[in-house]
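Structure first, commentary second.
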Amino acid sequence: MLEARLEQAGVLKKVVDAIRDLVQDINFDCNDSGIALQAMDNSHVALVSMLLKSEGFSPYRLDRNIALGINLTSLTKVLRCAQNEDILTLKAEDTPDTLSLIFENAENDRISEYELKLMDIDQEHLGIPETEYAAAISMPSAEFQRICRDLIQLSDSVTIEASKEGVKFSCSGDIGSGSVTLRQQNNVDKPDLSTKIELTEPVTLTFSLKYLVNFCKASALSSVVTLSLSNEVPLLVEYAMGSGFVRFYLAPKIGE
Amino acid sequence: PADQESLLSYFGKR
């Protein structure tokens with residue numbers, strides 16, 4: 001059986017909010033590392049990979065690996081019944097038909113218990129190769145969100161150009177064109193507001209803004225986002241949490 | 001316009 005207790009229900013709520021517009025039916029793969037998921041969107045353009053590490057739960061008990069087939073719209077409905085500050089316990093049997101979600105308030109005088117019906121989801125898992133990226137840009141997640149939301153007003157796609165001078169996001173559409181350039185800067189007082197660029201070679205790639213705007217729903221999970229790019233490979237957008245991560249992969253657009 | 005690539009051309013099925 002699985003028993004996993006999370007100090008803050010808000011963490012799972014934010015994770016689900018971040019991915020539920022991209023993927024609908026998913027498996028939570030529970031193993032010794034923690035609770036993981038990997039799923040592609042219907043068009044096979046974007047992939048989400050998430051891990052809530054077992055260390056992030058206290059306790060984390062698992063007798064054997066199990067996959068919990070979940071409809072995220074249904075899970076969202078149940079998670080709405082939890083306060084962000086509630087303690088959340090997930091429980092499931094070894095061959096589960098349902099997932100139990102128990103919410104307790106911090107004062108320990110309210111306990112809510114919900115059962116979510118599980119589904120059989122036949123999910124294809126992709127092998128994501130270890131990649132040495134040519135450029136890794138870490139920046140405030142709110143800044144990345146603002147840039148994507150601004151540029152999508154002008155165009156469907158954005159060209160990201162990373163060089164040692166900085167990172168330039170540019171787009172061009174029917175009404176005109178626009179760009180935002182961020183220079184590398186180190187904010188000593190507030191490291192989360194720094195923009196850092198690690199570069200082995202300059203990179204220029206074009207991506208669909210619709211997906212990037214969607215990924216930015218994970219901004220609530222982390223104040224910092226890391227964009228990893230190499231020419232002609234999918235972009236990696238990572239939101240790191242205290243004990244886990246949400247990663248998005250997006251295939252580039254090619255040709256003009 | 002640029003063509004949207006599929007992830008399947010980069011990541012193999014496991």
Side-chain angles (χ1 to χ4, degrees), chain A residues 22-23 27 29 36 38-49 122-131 133 155-160 170-174 204-212 214-215 228-237 247-256, chain B:
Chain A
L22 201 63
V23 292
N27 277 321
D29 296 310
Q38 192 207 75
M40 261 189 301
D41 80 307
N42 286 332
S43 59
H44 292 180
V45 169
L47 179 141
V48 54
S49 166
D122 186 18
Q123 203 141 50
E124 44 190 7
H125 273 257
L126 296 185
I128 302 167
E130 284 286 322
T131 306
Y133 288 95
S155 176
D156 293 340
S157 49
V158 60
T159 298
I160 305 178
S170 55
C171 73
S172 170
D174 292 342
T204 302
L205 284 166
T206 300
F207 299 99
S208 161
L209 275 165
K210 181 181 73 175
Y211 287 95
L212 294 180
N214 214 323
F215 298 169
S228 299
L229 304 106
S230 279
N231 284 317
E232 290 165 29
V233 305
L235 165 74
L236 164 59
V237 179
R247 292 177 186 155
F248 299 99
Y249 294 87
L250 180 62
K253 289 187 158 194
I254 50 159
E256 284 297 327
Chain B
D3 279 332
Q4 179 62 63
E5 283 272 84
S6 160
L7 269 183
L8 296 172
S9 43
Y10 298 96
F11 299 157
K13 285 184 189 175
R14 214 184 280 161

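Numbers restart at 1 for each chain; the letters A, B, ... are given by sequence-line order, proteins then strands.
A centroid separation of less than 6.0 Å is found between the aromatic rings of F11(B) and Y249(A).
Nearest heavy atoms, A251(A) versus S6(B): CB-C, 4.0 Å. Scanning both residues, V45(A) and Q4(B), for their nearest heavy atoms gives CG1-NE2, 3.3 Å.
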